[in-house]
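Counting starts at 1 for both ligands and their atoms, in listed order. Quick note: numbers below take in every heavy atom, side chains included, and nothing from hydrogens, waters or symmetry partners.
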Amino acid sequence: MKGSAQRKLDQQNFMEQVRECRDNGYLLSSRKIGSGAFSKVYLAYATQERMRHNPKLASDLRGKHHAMVAIKIISTAKAPVEFSEKFLPREISSLNATYKHLNVVQLYETYHNSQRSYLVLELAARGDLLEHINAMSGHRCHPGLEEEEARGLFWQLVSAVAHCHSSGIVHRDLKCENILLDDQGLLKLTDFGFANRSGLKDSLLSTFCGSVAYAAPEILMSKKYNGEQADLWSLGIILYAMVSGKLPFKEHRPRRVLHLMRQGPAFRPGVSPECQDLIRGLLQLRPRARLDLQQVAAHCWMLPAAHALFSGGKQVSWTQWGSKETEGAKEKGSAKSEAKGAPGRQGAVQVKETDHG
Ligand SMILES: Nc1ncnc2c1ncn2[C@@H]1O[C@H](COP(=O)(O)OP(=O)(O)OP(=O)(O)O)[C@@H](O)[C@H]1O
């Protein structure tokens with residue numbers, strides 16, 4: 001239990017944050033919608049005045065027919081120097097570089113003072129993919145999502161990751177908790193705290209990022225790795241989690257995980273052979289042997305998603321999908337997800353993995 005002195009301090013801090021947001025054109029609500037290691041995320045409203053000064057914000061919110069945003073408040077004064085000087089700037093620059101994709105959370109603007117940094121983000125109000133998988137598993141009394149729903153979501157995720165890679169950004173922390181859903185059921189990739197520039201074609205990374213359960217074998221073996229190929233492995237883990245309702249290699253000890261990886265994923269009865277083939281194509285131990293994003297999009301299991309996405313009578317290619325210019329695609333995608341009835345934030349957590357290496 002918090003003491004009354006601590007409660008008073010928290011209250012004072014919050015009122016300061018309300019004032020700082022108001023000075024920058026946002027009305028901060030007391031509704032906390034999430035928190036991270038050094039951050040809290042609140043629901044907030046953009047003022048008309050702010051929208052007049054920020055065309056990016058105004059045009060996005062006009063399309064959504066509301067003024068709600070998510071404000072991530074980071075206590076830079078309390079966070080380690082490495083976080084404030086390395087990871088936060090990377091998160092901001094990655095979000096700026098990947099702007100303009102329907103399935104990547106939009107960063108509208110930032111403001112800072114000596115105590116805190118504020119990130120004004122697109123709101124994704126329906127929780128994360130992990131919660132969705134668990135809620136749907138409970139609802140269906142069957143682990144995982146129906147393949148049709150998994151396909152629609154995975155298509156959006158692949159498109160978001162392709163957009164990041166083509167913008168020169170590798171995510172390096174792809175996992176169900178970093179994939180949010182908005183109130184139209186659209187998928188929004190978030191949390192670019194470990195993202196990095198993919199840089200030159202053959203340059204390799206060496207830092208271990210992300211969660212053990214989603215990390216590629218070459219990362220667990222502390223080898224130098226290609227960030228794009230490591231993201232592909234994580235995509236395989238996410239698709240497995242979607243259709244199975246659990247993680248394929250659920251172990252905290254890296255050596256034990258590597259042992260399970262060598263054995264390959266085991267599937268529950270009912271997962272289609274095509275879906276299994278796609279997951280196996282991504283979960284290849286040799287990074288170069290993994291399917292690339294183009295091959296994933298063209299895989300036979302994915303094809304019905306491509307056919308389902310039509311814009312004004314014209315089929316939308318997977319590279320066009322998600323581009324903010326393809327407005328028709330957005331409407332079609334929303335309607336499809338709405339029909340599926342993506343639920344809100346509920347359900348027991350069963351496959352959560354939060355250990356960042
Ligand atoms: N744009 C958003 N819309 C709605 N909820 C959000 C949004 N961004 C973040 N959240 C919520 O806040 C939580 C924390 O956000 P985020 O993952 O970005 O913070 P973090 O500090 O990077 O977290 P961690 O320390 O776990 O990596 C998310 O899990 C999610 O529930």
Side-chain angles (χ1 to χ4, degrees), residues 17 21 26 28-46 56-57 60-61 64 66-80 82-84 86-96 98-99 101-110 116-135 160 171-196 207-215 234 238 342-347 349 351-357:
Q17 292 163 23
C21 286
Y26 296 93
L28 191 70
S29 84
S30 56
R31 211 185 119 205
K32 192 161 88 183
I33 48 181
S35 53
F38 311 107
S39 65
K40 290 190 175 111
V41 182
Y42 289 95
L43 173 69
Y45 296 82
K56 179 164 144 180
L57 171 79
D60 218 49
L61 291 184
K64 292 175 186 290
H66 65 63
M68 289 182 286
V69 293
I71 299 192
K72 182 168 169 175
I73 306 176
I74 300 126
S75 314
T76 41
K78 292 186 190 150
E82 198 191 22
F83 178 84
S84 308
K86 185 172 163 190
F87 293 109
L88 182 59
R90 269 190 197 169
E91 178 169 12
I92 294 172
S93 75
S94 303
L95 281 165
N96 282 329
T98 54
Y99 177 66
H101 191 282
L102 202 55
N103 302 119
V104 178
V105 92
Q106 304 292 292
L107 174 65
Y108 298 129
E109 61 179 309
T110 59
R116 305 175 191 95
S117 285
Y118 293 82
L119 271 55
V120 183
L121 298 160
E122 176 181 21
L123 176 69
R126 283 203 183 171
D128 65 43
L129 180 61
L130 177 66
E131 291 164 325
H132 181 60
I133 293 172
N134 287 331
H171 189 282
R172 303 202 297 173
D173 195 15
L174 292 174
K175 59 179 177 181
C176 294
E177 297 92 315
N178 288 339
I179 295 162
L180 304 178
L181 298 171
D182 77 358
D183 57 2
Q184 296 178 311
L186 282 170
L187 178 149
K188 304 280 173 182
L189 179 58
T190 189
D191 200 351
F192 285 73
F194 287 136
N196 204 349
T207 321
F208 173 65
C209 296
S211 301
V212 170
Y214 292 82
S234 307
I238 293 167
R345 302 174 74 86
Q346 61 209 352
V349 175
V351 288
K352 194 152 190 151
E353 285 287 334
T354 50
D355 51 318
H356 283 160

Would you please name every residue forming a salt bridge (charged side-chain N to carboxylate O under 4.0 Å, His left out) with Lys72, sequence neighbours left out?
Glu91
Tell me if a side-chain donor or acceptor on Ser117 pairs with a main-chain N or O of Ile74 at a distance below 3.5 Å.
no
Can a donor-acceptor pair be found, under 3.5 Å and without considering hydrogens, that links the side chain of His132 to the backbone of Cys176?
no
For a quick test of reading the model, state the closest non-hydrogen atom pair linking Arg126 to Asp183 and the distance between them.
NH2-O, 3.3 Å
Would you mind reporting whether Phe38 and Ser84 have side-chain heavy atoms less than 4.5 Å apart?
no
Short N/O distance, under 3.5 Å, between Asp191 and ligand 1?
yes
Between [options], flag the one that comes closest to [atom] by a heavy atom.
atom                    : options                       : value
atom 29 (O) of ligand 1 : Lys175, Lys40, Glu177, Lys188 : Glu177
atom 4 (C) of ligand 1  : Ser211, Ala70, Ala124         : Ala124
atom 20 (P) of ligand 1 : Lys72, Met68, Lys32, Glu122   : Lys72

So is Val105 in contact with ligand 1, going by heavy-atom distances below 4.0 Å?
yes
Does ligand 1 have an atom under 4.0 Å from some heavy atom of Ser35?
yes
The ring pair (Phe, Tyr, Trp, His ring centres under 6.0 Å) partners of Tyr26 (sequence neighbours excluded) come to none
Can you name the one residue among Leu180, Thr110, Leu95, Val69 that meets side-chain contact (heavy atoms from CB on, under 4.5 Å) with Leu121?
Leu95
Atom indices of ligand 1 within 4.0 angstrom of [X] heavy atoms, with elements:
X     : value
Ala37 : 21 (O), 25 (O)
Ser39 : 19 (O), 20 (P), 21 (O)
Ile33 : 4 (C), 5 (N), 11 (C), 31 (O)

Note: Asp173, heavy atoms under 4.0 Å from ligand 1, region reported as neither
